Number of protein chains: 2
Amino acid sequence: MPTDRGQAGPTISEVAAEAGVGRATAARTLGGYGYVSPELRARVLAAAEKLGYRANRLARSMSTGVSHTLGVIVADIGNPFFAGLLRGVSDTSRARGFDVIVLSTYEDLREEVAATNVLIDKRVDGVIVASAALGRDQVAHLRAAIDRGIPVVLVDRAVPALDLDAVVIDNRDAAREAVERLIAAGHRRIGFVWGPPVAQAPATRRELLAAASRNLWTDGERLRGYLDALDDAHIPFDPRLVMVGPKTEERVVTEVGRMLALPDRVTAVFCTETDGMTGSLRALRQAGLSYPRDVALIGFDDSSWAAVMDPPLTMIAQPVHELGAKAAQVLLDILGGAEPAREMHTLRSRLIERASVAPPGS
Amino acid sequence: MPTDRGQAGPTISEVAAEAGVGRATAARTLGGYGYVSPELRARVLAAAEKLGYRANRLARSMSTGVSHTLGVIVADIGNPFFAGLLRGVSDTSRARGFDVIVLSTYEDLREEVAATNVLIDKRVDGVIVASAALGRDQVAHLRAAIDRGIPVVLVDRAVPALDLDAVVIDNRDAAREAVERLIAAGHRRIGFVWGPPVAQAPATRRELLAAASRNLWTDGERLRGYLDALDDAHIPFDPRLVMVGPKTEERVVTEVGRMLALPDRVTAVFCTETDGMTGSLRALRQAGLSYPRDVALIGFDDSSWAAVMDPPLTMIAQPVHELGAKAAQVLLDILGGAEPAREMHTLRSRLIERASVAPPGS
DNA sequence: AGCTCACCTGATACCGGTACCAGACCCGTA
DNA sequence: TACGGGTCTGGTACCGGTATCAGGTGAGCT
């Protein structure tokens with residue numbers, strides 16, 4: 001099918017013809033490079049204006065090898081966490097003249113590989129990725145991008161097997177702080193609503209850690225933070241108090257229900273994700289319990305809703321926008337010629353204390 | 001700067017050389033068109049595999065004139081409504097082999113124009129836009145895209161001045177239904193948390209409508225729905241019960257506070273946006289009032305939080321994912337050769353009744 | 001007046017694909 | 001044996017820009 005011209009807008013040649021100058025002169029004027037006399041420049045500009053010329057950035061990218069586009073790979077655009085992060089990326093890259101292509105993986109590593117290939121094929125200048133990869137055998141796709149000269153910056157999740165810039169928060173520390181807060185209020189039976197997609201509930205601490213190191217980086221860190229806090233307070237670890245398996249709200253409801261039905265039931269619950277919190281809230285209601293009187297609650301990922309709940313929820317707020325903005329900035333700096341620092345850029349999360357934590361049995 | 005080859009991956013010529021065949025033969029094999037004998041095909045494939053060849057989609061787009069990319073313009077990626085919508089767009093376009101470039105306008109028409117130009121320059125195949133444009137003098141940018149052969153599909157917001165496919169919900173009807181529900185419960189003093197960015201609070205119904213027709217389409221429709229319901233019930237319109245001005249949560253708090261302090265105060269509040277609901281909740285708490293006992297509440301845009309509030313909130317749920325998915329589908333069909341229907345595709349919203357509505361003074 | 005040189009312009013060869021088309025080759029048939 | 005026709009391959013002209021570089025022009029100097 002011949003591209004039916006006359007449709008897609010005038011080309012530089014047509015502008016040149018209209019202005020009565022050579023193609024190169026029109027190109028220099030419109031491309032803003034090289035020298036053109038004021039007179040010809042004016043004529044070219046007039047012709048371009050008249051014809052409604054717009055540069056074809058595809059063609060420009062072809063010859064310069066630069067697309068002024070960043071690729072971003074996240075788990076799910078629909079998730080408010082990633083949506084906020086994306087806004088950070090988008091804001092700072094637009095400000096520097098870069099556009100953003102977004103791809104979702106839904107936590108599937110194969111999707112992540114496919115997404116990376118799409119971005120390589122589209123010749124994006126750089127990639128920001130919240131990767132589900134961990135081990136050496138899972139990073140070939142990212143290596144491939146780097147080998148092709150496309151810089152990669154990690155965001156939200158570090159990839160231990162890769163020595164790259166990563167913009168993250170200190171998940172371990174954030175989790176520890178939250179659990180410490182619970183312990184400080186007097187809790188010793190603290191549920192951990194977590195959820196690596198393992199088939200069998202790990203019975204020992206060792207198995208748990210092993211599962212953690214095979215799954216999402218953030219999740220593993222948060223588990224370690226939970227264990228840190230327990231250890232520091234000499235509270236024995238009880239595997240019945242951690243939820244594993246797919247992190248659907250449904251499952252959270254039943255799992256927290258289970259923890260609530262234990263003889264020595266849970267008096268506090270720490271949730272690593274939004275769905276964990278909503279699920280826990282549901283489970284509480286089903287059990288006829290209320291917070292913070294019967295159960296104390298702390299969760300990850302603050303939102304405007306958490307503050308208007310009654311009582312308002314104590315939450316760990318991640319700097320979502322900054323996470324994205326910083327990742328974009330690091331990447332853009334590398335594209336600008338800066339040497340990659342290959343380090344963890346750790347942003348501060350904040351524990352926002354509201355009213356979902358009280359001493360047990362109060 | 002010479003694009004330092006050897007970096008960006010092998011080209012078709014290099015694969016052809018490696019396989020010892022002509023460029024065209026390698027191209028046909030790798031591009032999957034034309035005829036190639038099984039033997040040569042195998043050799044080319046082997047060479048491509050060995051070299052790690054990946055097609056340059058930029059180059060392909062250049063010669064075919066098709067980029068397999070959709071552009072999406074929304075007000076704010078960080079807003080859960082648009083994030084969900086985007087996920088719908090992204091899911092269905094990925095399934096059909098299209099990628100998505102996302103741009104945010106933050107409700108600024110100039111940003112929308114800039115975004116449209118970026119998409120034209122990048123030669124996207126089609127555009128999905130939640131436009132802030134209304135009148136004939138505001139749609140030049142969308143016309144420009146169409147004139148260049150780039151089909152445009154509207155989503156969330158119709159543009160009266162343009163005869164295009166639009167995928168929306170019936171905002172007027174949704175608002176009317178919600179307000180009717182309030183009226184059915186016995187309310188007659190119903191606040192409308194709305195907010196066209198007008199300087200002066202309109203004193204008359206006429207002025208209000210005028211302001212509405214100069215601002216966001218969805219907002220205008222929702223106002224009309226509110227008025228419809230009042231009219232049907234013969235409830236006189238009171239301008240003091242509608243909030244205008246920027247829709248920040250802060251302003252909502254003070255405005256709803258004002259309505260709550262009126263001698264004949266509001267006994268129900270209808271919110272057209274999420275921030276309106278959180279703001280209203282705050283205002284209630286500040287006034288020492290609770291829902292649904294003192295004030296009934298209905299809002300737009302359901303979320304998982306609304307269901308776990310205590311009491312849970314009655315909400316209008318928009319089919320966010322479907323909105324995006326349908327818009328992408330309509331656009332993709334047009335790109336596939338279908339004649340644009342140029343009609344409103346109206347999706348159903350649902351009023352999810354929970355427990356934030358009770359009779360006044362109960 | 002003649003020469004140099006800086007200044008300016010436009011041919012032209014890329015970028016990495018697609019797609020048209022000429023022609024080589026092989027087979028069967030008259 | 002010559003010829004027609006189908007099969008298969010590779011040369012090459014695009015797509016719309018960028019960037020290099022040869023050469024034309026005129027000013028300034030001797």
Side-chain angles (χ1 to χ4, degrees), chain A residues 1-44 48 51 53-68 120-123 125 148-149, chain B residues 1-44 47-48 51-68 120-123 125 148-149:
Chain A
M1 181 191 59
T3 1
D4 63 36
R5 294 298 345 298
Q7 267 281 59
T11 70
I12 240 176
S13 302
E14 295 173 78
V15 174
E18 172 73 24
V21 302
R23 210 158 79 88
T25 303
R28 276 197 302 270
T29 307
L30 269 5
Y33 60 95
Y35 188 99
V36 185
S37 67
E39 198 216 319
L40 288 197
R41 138 170 276 103
R43 258 164 57 200
V44 170
L51 264 35
Y53 173 80
R54 307 231 87 228
N56 182 334
R57 287 185 48 179
L58 244 46
R60 179 172 293 172
S61 299
M62 272 256 35
S63 57
T64 57
V66 177
S67 64
H68 278 269
I120 291 177
D121 296 352
K122 288 226 168 196
R123 298 301 192 262
D125 296 331
R148 284 186 148 77
Chain B
M1 181 190 61
T3 358
D4 63 37
R5 295 300 345 300
Q7 266 283 56
T11 70
I12 241 177
S13 303
E14 295 172 81
V15 174
E18 172 75 25
V21 301
R23 211 159 77 89
T25 303
R28 276 197 303 272
T29 307
L30 269 4
Y33 59 95
Y35 188 98
V36 184
S37 67
E39 198 218 320
L40 288 197
R41 137 171 277 103
R43 259 166 53 202
V44 171
L51 265 34
Y53 173 79
R54 306 231 88 228
N56 182 335
R57 288 184 48 180
L58 244 45
R60 180 172 293 172
S61 298
M62 274 256 31
S63 58
T64 58
V66 178
S67 63
H68 278 269
I120 291 176
D121 296 351
K122 288 226 168 196
R123 297 300 192 264
D125 295 332
R148 285 187 147 79

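In this text, all values refer to a predicted model and were calculated from it rather than measured experimentally. Below, chain A is the first sequence line, B the second, and so on; all start at residue 1.
A/Thr11 and A/Tyr53 get closest at one heavy-atom pair: C-CE1, 3.7 Å. In terms of heavy-atom proximity, A/Val44 sits nearest to A/Val21 at CG2-CG2, 3.8 Å. The two residues B/Ala16 and B/Gly22 come nearest to each other via the heavy atoms CB-O, 3.7 Å. For A/Gly9 against A/Glu14, the heavy-atom pair with the smallest separation is O-OE2, 4.4 Å. Considering all non-hydrogen atoms of both residues, A/Pro10 and A/Leu51 come closest at CG-O, 3.4 Å.
Put simply, CZ on A/Arg57 and OG1 on A/Thr64 are 10.0 Å apart, with the number rounded to the nearest 0.5 Å. Rounding to the nearest 0.5 Å gives a distance of 11.0 Å between CZ of B/Arg123 and OG of A/Ser61.
Following rounding to the nearest Å, B/Arg57 (CZ) and C/dT18 (C1') show an atom-to-atom distance of 15 Å. Between the CD1 atom of A/Ile12 and the P atom of C/dG10 there is a distance of 13 Å, given to the nearest Å. Distance CG (A/Asn56) to C1' (D/dG16): 6 Å, rounded to an integer number of Å. One atom, CZ of A/Arg60, and another, P of C/dG16, lie 18 Å apart when rounded to the nearest Å. At whole-Å resolution of the value, CZ in B/Arg43 and C1' in D/dG10 are 13 Å apart. Distance, B/Leu51 CG to C/dG16 P: 14 Å, rounded to whole Å. Summarising the geometry, the separation between CE on A/Met62 and P on D/dG17 is reported as 13 Å, rounded to the nearest angstrom. A/Leu58 places its CG atom 12 Å from the C1' atom of C/dC15, with the value rounded to the nearest Å.
In terms of polar N and O atoms assigned as donor or acceptor, the side chain of A/Arg28 never comes within less than 3.5 Å of the base of D/dG17 in a complementary pairing.
Note on A/Ser63: every side-chain N or O is 4.0 Å or more away from OP1 and OP2 of C/dC14. Look at B/Arg23 and you won't find any side-chain N or O under 4.0 angstrom from OP1 or OP2 of D/dG10.
In this view, B/Arg54 and A/Asp121 satisfy the side chain to side chain donor-acceptor pair (under 3.5 Å) rule, not counting sequence neighbours. Looking at residues two or more places apart in sequence or on another chain, you find a side chain to side chain donor-acceptor pair (under 3.5 Å) between A/Asp125 and A/Ser67. When the side chain to side chain donor-acceptor pair (under 3.5 Å) test is applied to A/Arg41, no partner is found at least two apart in sequence or on another chain. Residues satisfying the salt bridge (Lys or Arg N to Asp or Glu O under 4.0 Å) test with A/Arg43, not counting sequence neighbours, are A/Glu39.
Axis orientation changes by 70° from one end of the helix from C/dA1-D/dT30 to C/dA30-D/dT1 to the other, with each end axis drawn from 5 pairs and the value rounded to 10°.
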Nucleotide-resolved protein contact map, nucleotides 23-28 of chain C, B/S/- at heavy-atom distance under 4.0 Å:
------
In residues 23-37 of chain B, what donor-acceptor pairs under 3.5 Å come from side-chain atoms, sequence neighbours left out?
unit_1	atom_1	unit_2	atom_2	d
B/Arg28	NE	B/Tyr35	O	3.0
B/Thr29	OG1	B/Thr25	O	2.9
B/Ser37	OG	B/Leu40	N	3.4

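Residues of residues 31-41 of chain A having a heavy atom closer than 4.0 Å to DNA chain C, listed by number: A/Tyr35, A/Val36, A/Ser37, A/Leu40.
Distances from the side chain of B/Ala24 to the nucleotides D/dG16, D/dG11, D/dT18 place D/dG11 closest.
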